[in-house]
Amino acid sequence: MDIPGGDGVFFAGMMLLFGWLAFHYARRLATVARALRSGGRTTGVCVRIETEPYNRSDAQRYVFAFRAPDGREIEFEDLSTRAVRVGTEVTVAYDPAAPERTATVTGRGSGSPVAQYALLVAGCGLAAAAFAAVFVLTVI
């Protein structure tokens with residue numbers, strides 16, 4: 001069943017989705033860069049790994065915790081490798097002015113957080129541009 005204009009709606013939706021994802025990851029990239037520049041570093045630990053309910057995918061969310069200089073326990077979610085397990089100690093970089101918003105896992109065994117988010121921005125940006133090009137070619 002062919003819906004008139006369905007192709008345009010699909011490509012516009014995908015363009016918006018990947019454009020939003022590129023913007024979201026670009027903001028996170030800026031936050032990570034700020035955390036790395038500010039110099040706050042401490043030891044944190046992986047406190048839990050959450051999986052999709054009903055095992056619908058193999059995606060996992062890694063949640064880490066660290067203690068800020070003022071004594072607060074701060075939890076945050078970040079990208080990680082499958083080598084990280086609950087209880088694994090990691091190095092956490094953060095901006096002391098806003099540790100709950102800027103914390104990121106860095107250091108040995110985690111990969112470069114800047115490279116990870118830069119690849120996500122580039123990939124989502126390219127996907128948005130590709131869907132925009134197809135949208136323009138199919139609708140016009």
Side-chain angles (χ1 to χ4, degrees):
M1 181 165 117
D2 191 30
I3 300 172
D7 290 344
V9 171
F10 171 76
F11 289 120
M14 295 304 285
M15 177 182 61
L16 291 172
L17 171 68
F18 281 102
W20 177 83
L21 285 171
F23 176 75
H24 171 75
Y25 287 125
R27 286 187 58 204
R28 179 64 183 157
L29 175 61
T31 301
V32 165
R34 187 173 96 198
L36 292 172
R37 276 194 318 267
S38 69
R41 294 216 196 295
T42 189
T43 300
V45 66
C46 179
V47 292
R48 69 181 174 278
I49 301 171
E50 299 172 352
T51 57
E52 284 289 320
Y54 313 113
N55 295 321
R56 293 184 303 196
S57 79
D58 63 348
Q60 294 181 324
R61 297 171 49 191
Y62 293 85
V63 180
F64 300 92
F66 70 99
R67 190 163 303 282
D70 61 5
R72 291 180 296 149
E73 178 90 6
I74 296 176
E75 284 192 3
F76 66 98
E77 182 181 331
D78 205 2
L79 301 175
S80 186
T81 64
R82 293 202 179 268
V84 172
R85 301 282 180 242
V86 173
T88 301
E89 285 193 358
V90 295
T91 302
V92 177
Y94 63 95
D95 181 354
E100 58 281 334
R101 289 193 331 253
T102 60
T104 188
V105 175
T106 186
R108 197 169 159 200
S110 69
S112 167
V114 172
Q116 290 172 344
Y117 285 106
L119 284 172
L120 285 168
V121 169
C124 291
L126 285 172
F131 280 114
V134 173
F135 174 76
V136 168
L137 292 174
T138 58
V139 173
I140 296 179

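Along the sequence shown, the residues carry numbers beginning at 1.
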Using 0.5 Å steps for rounding, measure from the CG atom of D78 to the CZ atom of R28.
5.0 Å
Cluster overlap F135 with V9, hydrophobic side-chain contacts below 4.5 Å:
no
Distance (rounded to the nearest 0.5 Å) between T43 OG1 and R41 CZ:
11.5 Å
Is any side-chain heavy atom of V121 less than 4.5 Å from a side-chain heavy atom of R27?
no
Separation of L79 CG from Y25 OH (nearest 0.5 Å)
7.0 Å
Are L119 and V32 joined in one hydrophobic group, where the rule is that I, L, V, M, F, W and Y side chains link up if heavy atoms are under 4.5 Å apart?
no
Find the distance between OG1 (T81) and OH (Y62) and round it off to the nearest 0.5 Å.
6.5 Å
For the residue pair L120 and H24, establish whether any side-chain heavy-atom pair is separated by less than 4.5 Å.
no
Are F76 and Y94 an aromatic pair by the rule of ring centers under 6.0 Å?
no
Minimum heavy-atom separation for P99 to A68, with atom names?
CG-CB, 4.5 Å
Would a 4.5 Å heavy-atom cut-off, applied to side chains only, mark V105 and S80 as touching?
no
Scan residues 68-77 for pairs that pass side-chain hydrogen bond (donor to acceptor under 3.5 Å, both in side chains), counting only residues two or more places apart or in two chains.
R48-E75, R61-E77, R67-E73, D70-R72, R72-E100
Look at the side chain of T102 and the backbone N and O of D95, then say whether any donor-acceptor pair between them is shorter than 3.5 Å.
yes
Hey, can you tell me if F10 and F131 have their rings parallel, tilted or perpendicular (30° and 60° cut-offs)?
perpendicular
Single-linkage hydrophobic cluster, 4.5 Å side-chain cutoff, W20 and M15 together
yes
Taking every non-hydrogen atom, the tightest pair across A93 and A35:
O-CB, 4.0 Å
Verify the neighbour count for atom CZ of F11: are there more than 12 heavy atoms of other residues, nucleotides or ligands below 6.0 Å?
yes
Indicate the atoms forming the closest heavy-atom contact of P96 with S38, along with that distance.
CD-OG, 3.6 Å
Rounded to the nearest 0.5 angstrom, the CE-CG distance for M14 and L16 is 10.5 Å
Measure the SG-CZ distance between C124 and F23 for me, rounded to the nearest 0.5 Å.
13.5 Å
Here the pair of heavy atoms bringing I49 nearest to R85 is CD1-CA, 4.0 Å
Shortest non-hydrogen contact from V92 to T106?
C-CG2, 4.5 Å
Find out if a path of hydrophobic residues (ILVMFWY) with successive side-chain heavy-atom gaps under 4.5 Å connects Y117 to L21.
yes
Is the shortest heavy-atom distance from the side chain of R101 to the side chain of T31 under 4.5 Å?
no
Between G19 and A128, which heavy-atom pair has the shortest distance, and what is it?
N-CB, 3.6 Å
